[in-house]
There are 2 protein chains.
Amino acid sequence: MADIVEVKLIEFLKKKAFQPGDALPKELEMAEALGVSRNVVREGLSRLKMLGLIESRKKRGMVFVHPDILGSLEKVLDPIIMDDTTLKDIFELRLVLEMGLSELLYLKKTEKDIIELERIAKTQDTGDNTFRIKQEIAFHGKLYEMTGNETLKRFQIMLLPIFGYVTAMEEQPIQGKTNHLDLVEILKGGTKEDFSKAMLEHLAPHFNRLKDF
Amino acid sequence: MADIVEVKLIEFLKKKAFQPGDALPKELEMAEALGVSRNVVREGLSRLKMLGLIESRKKRGMVFVHPDILGSLEKVLDPIIMDDTTLKDIFELRLVLEMGLSELLYLKKTEKDIIELERIAKTQDTGDNTFRIKQEIAFHGKLYEMTGNETLKRFQIMLLPIFGYVTAMEEQPIQGKTNHLDLVEILKGGTKEDFSKAMLEHLAPHFNRLKDF
DNA sequence: ACATTTGATATGTAGAACATATAAACATTA
DNA sequence: TAATGTTTATATGTTCTACATATCAAATGT
């Protein structure tokens with residue numbers, strides 16, 4: 001019945017429209033008000049703490065903070081403990097994000113970004129597989145970074161293990177016929193539509209993989 | 001220091017490669033093994049329970065289950081308690097998803113889906129604002145549903161309040177020059193590229209909104 | 001052979017006690 | 001007076017004990 005307390009606490013926070021830094025009632029008061037032991041209240045508070053909704057400071061009490069919405073997701077987004085269906089869903093989600101990025105990229109890209117992106121793309125692709133993956137991560141990570149959307153970027157980083165897990169299943173990595181340098185060239189002078197098309201070609205091997213699931 | 005216990009428990013789960021249904025050691029054993037009181041262990045377990053990593057049954061003990069990765073996100077994804085930057089990020093994320101959907105849609109769409117989608121789109125648009133929003137939700141919700149990706153669909157549902165909150169800021173709703181029926185028509189006979197373009201036009205008012213933040 | 005009772009066991013809840021850190025009030029000194 | 005050091009009250013952190021409750025499993029009775 002700590003679940004109930006948890007829900008009530010969250011409702012309480014939303015209802016009162018707390019500002020960051022505002023202090024919550026003390027544990028004993030809550031326990032009394034809800035008719036449960038301090039122990040149960042602490043369990044509820046502990047969960048909110050993990051969700052990043054509150055922080056506790058001795059003597060001050062619990063204070064409300066703006067939640068770190070991705071914090072909790074981070075803890076469970078691990079391919080080892082996920083079921084296969086969700087794994088596929090997440091893999092697909094990543095591809096959808098990647099495809100949808102074009103519009104934002106063309107809104108926000110700067111000269112400086114593109115130069116940096118080109119530098120990353122030009123890094124020699126040795127035969128080493130772990131290096132290739134690193135380079136892949138760097139390039140696509142930079143794309144997300146260019147959007148200036150921190151949440152999006154963090155989300156992408158969290159998705160990497162999933163991506164790695166799925167792609168690691170195959171021995172011989174299949175390259176799309178459009179590579180990173182092609183993408184950079186389009187970003188320099190081409191249209192959004194060209195970029196979308198090129199990105200699709202670049203991701204084609206992954207889209208094909210969806211059918212195997 | 002329940003944080004430490006939480007991390008250790010999660011590590012433990014990942015390390016042991018638990019199968020769903022497997023029982024964890026009992027609370028007292030863990031407490032002893034970790035050198036803390038049963039209370040602290042319970043706090044940690046309580047958090048895992050909230051993350052959907054474990055379920056507890058009396059006498060049986062705690063059993064591992066495949067996590068509901070979006071469950072925890074659901075609890076904190078509320079515009080009231082989010083900071084403005086994150087709010088904008090999430091709003092943007094939704095647009096990115098919507099734009100990236102085309103590829104999946106063209107992979108998975110069926111005759112039946114399109115008929116249903118057309119039915120939704122044809123529902124008369126009365127002047128009523130709340131109705132218009134409902135209809136908007138129904139249409140775009142159906143698009144996500146058509147992908148067959150349950151995680152994606154759930155995610156989209158969670159994003160709705162954010163979308164509603166942001167769009168509610170303006171009094172007079174601005175319609176894009178491409179409407180739902182146009183999109184359906186393209187889905188019937190047009191190409192992916194046409195669809196992407198049309199979707200962009202449809203979402204144009206929202207993309208414009210990004211500049212105001 | 002089947003239904004019932006009983007007991008053992010692991011989680012759930014409660015309450016008291018003490019530890020610890022710290023904000024605020026108070027006292028001390030230059 | 002202002003700066004600094006000390007005390008004190010207080011809210012969270014941790015531990016321990018006791019009991020409630022549900023349920024699996026074995027013993028018992030029909």
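Owing to the predicted nature of the structure, the values given are computational and were not obtained by experimental measurement. Every chain is numbered from 1, with letters handed out A, B, ... down the list of sequences.
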A.B. asks: Rounded to whole angstroms, how far apart are CE on Met62(A) and C1' on dT12(D)?
C.D. replies: 7 Å
A.B. asks: Would you call Glu118(A) and Lys122(A) a salt bridge, using N to O less than 4.0 angstrom?
C.D. replies: yes
A.B. asks: Quickly work out the Met1(B) CE to dA21(C) C1' distance and round it to whole Å.
C.D. replies: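 So the two atoms are 11 Å apart, to the nearest Å.
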A.B. asks: If you measure from the Lys or Arg side-chain nitrogens to the Asp or Glu carboxylate oxygens, is any gap between Glu92(B) and Lys108(A) under 4.0 Å?
C.D. replies: yes
A.B. asks: In plain terms, say whether Arg94(B) and Glu98(B) are close enough for a salt bridge, that is, a side-chain N and a carboxylate O under 4.0 Å apart.
C.D. replies: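 Glu98(B) and Arg94(B): salt-bridged.
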A.B. asks: May I ask you to say whether Glu74(A) pairs ionically with Arg154(A), meaning some side-chain N is under 4.0 Å from a carboxylate O?
C.D. replies: yes
A.B. asks: Looking at Lys49(A) and Asp3(B), is any side-chain nitrogen of the basic one under 4.0 Å from a carboxylate oxygen of the acidic one?
C.D. replies: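 Looking at Lys49(A) together with Asp3(B), the answer is no, because their closest N to O distance does not fall below 4.0 Å.
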A.B. asks: Taking the minimum atom-to-atom distance to the side chain of Val36(A), which one of dA14(C), dT13(C), dG13(D) wins?
C.D. replies: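 Per side-chain heavy atoms of Val36(A), the pick is dA14(C).
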A.B. asks: Whole angstrom is fine here: how far is it from CZ in Arg42(A) over to C1' in dG15(C)?
C.D. replies: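 Rounded to the whole Å, the gap is 14 Å.
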A.B. asks: What is the separation between atom CD on Glu27(A) and atom P on dA16(C), rounded to the nearest whole Å?
C.D. replies: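 Nearest whole value for this atom pair: 16 Å.
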A.B. asks: In whole angstrom, give the distance that lies between atom CD of Glu32(A) and atom P of dA14(C).
C.D. replies: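 It is 13 Å, rounded to the nearest whole Å.
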A.B. asks: Using a heavy-atom cut-off of under 4.0 Å over every strand shown, decide if Arg60(A) touches base, sugar-phosphate, or nothing.
C.D. replies: sugar-phosphate
A.B. asks: Quick check on DNA chain C: between Val40(A) and Lys59(A), whose nearest nucleotide comes earlier from the 5' end?
C.D. replies: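 The residue whose closest nucleotide sits nearer the 5' end is Val40(A).
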A.B. asks: Is there a donor N/O on one and an acceptor N/O on the other, under 3.5 Å, for the side chain of Asn39(A) and the base of dG12(C)?
C.D. replies: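 No, the side chain and the base share no sub-3.5 Å donor-acceptor pair.
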A.B. asks: Whole angstroms only, please: what is the CG-C1' distance between Leu34(B) and dT14(D)?
C.D. replies: 15 Å
A.B. asks: So, is Ser56(A) close to the dG13(D) phosphate, meaning a side-chain N or O under 4.0 Å from OP1 or OP2?
C.D. replies: yes
A.B. asks: What's the closest nucleotide to the Ser37(A) side chain, out of dT13(C), dC16(D), dG12(C)?
C.D. replies: dT13(C)
A.B. asks: Rounded to whole angstrom units, what separation is found between the CD atom of Glu43(A) and the P atom of dT11(C)?
C.D. replies: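 It is 13 Å, rounded to the nearest whole Å.
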A.B. asks: Could you say whether Lys26(A) or Arg38(B) is positioned toward the 5' end of DNA chain D, judged by the nucleotide with the nearest heavy atom to each?
C.D. replies: Lys26(A)
A.B. asks: Nearest whole angstrom, please: distance from the C1' of dA19(C) to the NZ of Lys58(A).
C.D. replies: 8 Å
